[in-house]
Each structure stands twice: as structure tokens, then as C-alpha cells.
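Single-structure report; data block below.
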Amino acid sequence: MIRYFTAGESHGPALSAIVEGVPAGVSITLEEINHQLTRRQQGYGRGGRMKIETDQAEVLSGIRFGKTIGSPIALIIKNRDWANWITSMAQFEKNDEKTAKITIPRPGHADLAGLIKYGFDDIRPVIERSSARETAARVAAGALSKVFLKALGIEIGSYISAIGAAAEPSAEVQLDGLLSQGADAISRQADLSTVRMLSKTTEAEAVAAIDEAKKRGDTLGGIIEIFITGVPVGFGSYVQHDRRLDAALASAILSIQAIKGVEIGTAFENARKPGSEVHDELHLSPLEGVIRKTNRAGGLEGSMSSGQTIHLRAAMKPISSLITPLHSFDIETLQPLPSRFERSDTCAVPAAGIVAEAVVAPVIANAILEKLGGDHLDEILQRLDLYRQSIHNTFCA
Ligand code: EPS
């Protein structure tokens with residue numbers, strides 16, 4: 001099974017990740033990892049930091065001659081901004097004159113709870129590790145699982161359906177066309193847009209909304225649509241809470257900084273309708289086997305993959321670092337004060353879509369590995385082919 005950890009402070013020397021459990025024999029290039037890192041850096045509304053960084057991964061272990069060898073894969077991404085923080089983020093020597101203590105927590109951020117929990121008198125360490133900069137390491141780690149899944153015919157894509165009040169009208173028609181090519185097609189289309197939207201009209205509205213928010217010193221959140229194609233029926237399980245695929249996917253998405261809600265299929269709309277208008281009816285087709293004409297369940301039934309496209313939706317709150325300050329207080333004087341501004345983005349929803357793709361990849365990979373086992377890609381491919389074939393033979397004429 002794939003497990004991974006990240007380490008690194010936002011303004012420390014580097015971010016790093018150790019990924020264990022990627023099977024041997026998966027062909028991977030550094031460009032594939034770096035392409036995902038570049039995608040994460042894009043998006044209209046990003047702040048000054050993205051002008052400083054050009055995120056690139058270095059692989060320290062686990063890959064030989066362009067193929068995984070089953071050993072832990074260690075990755076690092078150096079922070080260019082570290083050069084400007086060597087004194088205030090020094091690991092050992094403290095220079096009081098050059099290190100300002102941060103004592104005013106930002107509402108909505110990890111600042112206050114983190115400070116109290118870890119017993120600090122300075123918010124800086126909380127800011128450093130709770131920062132969404134950490135997602136660069138997760139994107140690099142997730143790229144390995146994405147490449148593994150791609151070799152199995154499983155693709156993960158995303159687009160942005162809302163930024164603030166700018167929301168896409170139903171993109172269903174266009175989506176069906178794209179999804180029939182695999183979820184990568186959605187990402188390729190979305191990546192052509194500066195806000196990763198599919199509709200040009202909504203894109204213009206979103207860009208205007210971001211400009212407006214920036215002028216006000218405000219921030220915007222939005223909605224991310226995530227699609228996973230090519231997952232056969234029966235991955236995950238209903239038999240135990242920790243084997244439920246829907247729960248594992250939701251947990252992965254909620255672990256992304258600033259994500260506060262997850263929806264599977266049209267779950268919230270379904271809640272207002274009777275069952276007869278919700279459940280995806282089963283039909284048999286001689287060529288395709290079991291088919292459903294709708295996918296309101298979002299490709300997950302009984303906590304297992306249904307064989308349809310898995311569709312998840314994530315709600316991202318507006319970033320909590322605002323130029324126009326919100327009400328706060330000083331933790332030393334206990335006097336009310338406006339919250340201080342820490343450099344940030346006006347909107348990072350497009351980037352969060354790339355992070356969402358990355359964090360669901362190991363979850364899907366683990367559902368495959370749990371069912372099929374295997375230590376080498378070829379072995380897993382053989383088992384998956386047999387499984388797909390047996391389903392075909394059972395339901396197709
Ligand atoms: C980010 C890097 C950060 C922020 C942002 C995301 O860099 P810095 O703190 O140096 O400006 O731009 O992080 C936050 C929004 C946050 O609240 O911490 C990145 O690499 O994505």
C-alpha cells in the first residue's frame with residue numbers, strides 16, 4: 001500500500017516527501033512530476049510567492065533508469081525564497097534583532113489554535129507549516145500515483161466550476177464529450193484557462209471577480225470538480241469503516257488546506273429529492289454490460305466504485321490572509337487589533353484543483369492494490385485485465 005509523508009516549512013530550505021509502496025516497474029520521468037508542480041503554480045489571483053518560485057523536484061531514491069524499483073521514493077523541492085528567510089527561519093542560531101515575533105492571529109487561519117496547542121509565544125512556526133505551500137510536496141508525491149494509475153488506464157482530472165459568485169452553468173454536454181476521452185481531457189481543457197474553467201463567459205466573470213476582490217484587499221474561494229475515469233466496479237469496501245472508498249476520498253480532499261466541504265456526485269441535490277429521482281437505474285447492454293444512464297451517485301455505491309466515472313466536488317473557503325484586516329487581538333497585550341497581513345494569494349482555487357488530483361491518486365491506487373495486490377506493475381496489470389475480462393464475460397453477450 002502507498003503511504004507518504006511530507007516535511008518542510010513554507011520559508012525553510014526545501015519541502016520534501018517520502019512515498020513508500022509505489023509498485024516496481026512504473027516508468028516515470030522527472031518532467032511528469034515537474035509538469036504537475038508547474039500546474040500547481042498557475043492560476044489567476046496568485047500572490048507574489050509564485051513569482052519567486054519555479055518549483056522543481058529532485059528525486060533522491062526509489063527510481064532507477066526511469067523506473068520505480070519498489071523502494072521508498074524521496075523527493076525534495078527547494079524553496080528559492082529561503083534565501084530571504086535564512087535568519088528568521090534559521091534552524092539553530094536565533095538573531096532577536098532580525099526576527100520579528102508575530103503576535104496577532106489571522107481569523108480563519110491555523111494561527112490561534114496552533115499557537116495555543118503547541119505552546120508558542122510566536123505565531124511564525126504555525127504559519128510556516130500550516131501554509132498551503134506544503135501542497136507542492138503533496139503534488140510531487142501524488143504525481144507518482146497518477147503515473148502508476150495512468151498505466152492501469154485510470155485517469156484523474158479536474159476543473160473549477162465556481163470562483164466566488166462566478167459559477168459555471170451546467171457543463172454536462174461538454175463534460176460528457178471530454179469524459180469519454182478520459183479524465184485527463186478535462187484537465188487539458190481546464191489548463192487552457194487562467195482560472196481552469198470550461199466556460200469562457202464564467203472565466204471572464206471569475207477574472208473580474210478576482211480583480212475586484214484584490215482591489216478591496218479581499219479573497220475568494222470556489223468549487224473544484226474532480227473526475228476519476230477507468231476505475232472498474234468493486235474497489236473499496238462496505239465491510240469496514242476504514243475500507244470505504246468514499247470516506248477515504250473525502251478525507252484526502254478535506255486534508256487540503258482551506259477545503260471545507262466535499263460532495264460525491266449530486267449528493268446535496270439528491271438530499272432534496274425522492275429516491276425514485278435519485279438512484280441510477282441499472283440496464284444491460286450486450287456490448288457494454290451493466291450501464292446506467294445517469295451518475296447521480298458520483299461513481300460510488302456502497303462505498304465501492306460502481307464502474308462509472310467517480311465525481312467529487314470540493315468547496316474551498318476564501319484564503320484567510322486578507323490585506324484589508326479583520327478583527328483580531330494581540331496575544332501579548334490582549335488588546336483588540338486589526339489582524340496583520342501575511343503575503344498570500346487573492347484566489348488559489350485553480351491550484352487547489354491540481355492538489356485535489358494529487359491527493360486522491362494514492363487513495364485510488366491503494367484501493368487497487370488492496371484488491372489485486374502485486375509488487376510489480378506487470379503483475380498488477382495482468383490481474384486487472386483478468387478482473388476486467390471476468391466482468392465483461394459475466395454481463396456482455
Ligand atoms: C503558497 C505559498 C505561500 C502562499 C500561499 C500558498 O507563500 P508565502 O507564504 O511565502 O506567500 O502564497 O499560502 C497561503 C495561502 C497560506 O495561507 O499560507 C504556495 O506555494 O502554494
Side-chain angles (χ1 to χ4, degrees), residues 6-17 33-34 36-57 75-89 100 102 104-115 122-143 160 163 195-196 210 213-214 217-222 224 255-260 316-326 328 339-359:
T6 70
E9 275 75 43
S10 180
H11 305 100
L15 297 159
S16 57
I33 303 171
N34 286 338
Q36 298 305 324
L37 289 173
T38 304
R39 290 178 74 216
R40 194 201 72 92
Q41 287 203 269
Q42 309 306 309
Y44 196 75
R46 300 304 301 272
R49 182 71 184 271
M50 290 305 103
K51 294 190 182 83
I52 300 172
E53 304 294 342
T54 310
D55 292 337
Q56 302 266 292
L75 301 157
I76 60 163
I77 302 155
K78 288 188 178 139
N79 286 321
R80 284 197 177 173
D81 208 14
W82 160 242
N84 305 315
W85 290 76
I86 287 175
T87 309
S88 48
M89 284 300 294
I102 295 175
I104 309 167
R106 291 164 294 173
H109 221 291
D111 297 4
L112 183 60
L115 173 104
D122 177 2
I123 299 168
R124 174 54 58 197
V126 183
I127 296 174
E128 287 296 320
R129 184 60 190 161
S130 64
S131 166
R133 173 111 194 103
E134 182 264 346
T135 60
R138 284 203 267 174
V139 165
I160 305 307
I163 286 181
V195 281
R196 306 199 67 245
I210 294 167
K214 192 172 181 182
D218 214 332
T219 56
L220 289 179
I224 302 151
S255 76
I256 303 169
Q257 291 82 339
I259 301 293
K260 298 291 274 186
M316 183 177 190
K317 69 179 179 181
I319 282 169
S320 19
S321 298
L322 273 67
I323 294 179
T324 305
L326 296 174
S328 186
S339 64
R340 59 174 283 284
F341 176 63
E342 174 86 18
R343 179 182 60 193
S344 187
D345 308 308
T346 306
C347 174
V349 181
I354 313 305
V355 181
E357 291 176 22
V359 299

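Each ligand, and each atom within it, is numbered from 1 in the order the structure gives.
Set against the non-hydrogen atoms of Ala132, the atoms of ligand 1 under 4.0 Å away are 13 (O), 16 (C), 18 (O), 21 (O). Atoms of ligand 1 lying under 4.0 Å from at least one heavy atom of His11, given by number and element, are 8 (P), 9 (O), 10 (O). Counting the atoms of ligand 1 from 1 in the order shown, those under 4.0 Å from a heavy atom of Arg343 are 8 (P), 9 (O), 10 (O), 11 (O).
In this structure, atom 2 (C) of ligand 1 lies nearest to the protein heavy atom Arg133 CB, 3.7 Å. Protein heavy atom closest to atom 6 (C) of ligand 1, with residue, atom name and distance, is Asp345 OD2, 3.7 Å. Protein heavy atom at the shortest distance from atom 15 (C) of ligand 1 is Ser344 OG, 3.2 Å.
Taking a cutoff of 4.0 Å between a charged side-chain nitrogen and a carboxylate oxygen, Asp55 and Arg39 do not qualify as a salt bridge.
Taking distance alone, with nitrogen or oxygen atoms compared against 3.5 Å, Arg49 approaches ligand 1 more closely than that limit. Remark: ligand 1 and Arg40 share an N or O pair separated by less than 3.5 Å (distance only, no angle test). Note: an N/O pair closer than 3.5 Å links Arg46 and ligand 1 by distance alone. An N or O contact shorter than 3.5 Å links Ser131 to ligand 1 by distance.
We find the CD-CD1 distance between Glu342 and Ile123 to be 10.0 Å, quoted to the nearest 0.5 Å. In this structure, Leu15 CG and Glu53 CD are separated by 8.5 Å, a value rounded to the nearest 0.5 Å.
In this structure a side-chain-to-backbone donor-acceptor pair under 3.5 Å is missing from Gln56 to Ile77. Put simply, the side chain of Thr38 gets close to the backbone of Asn34: a donor and an acceptor are under 3.5 Å apart.
With a 4.0 Å cut-off on non-hydrogen atoms, Met50 touches ligand 1 through its side chain and not its backbone.
Counting heavy atoms from C-beta on, the side chains of Lys214 and Tyr44 never come closer than 4.5 Å.
Contact annotation: His109 has at least one heavy atom less than 4.0 Å from an atom of ligand 1.
For the pairing with Ser10, the side-chain hydrogen bond (donor to acceptor under 3.5 Å, both in side chains) check across Arg133, Glu134, Glu128, Arg49 returns one residue only, Arg49.
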Stepwise side chain to side chain donor-acceptor pair (under 3.5 Å) check, Thr135 with Arg40: CA-CA 9 Å; Thr135 60; Arg40 194 201 72 92; 2.8 Å; yes
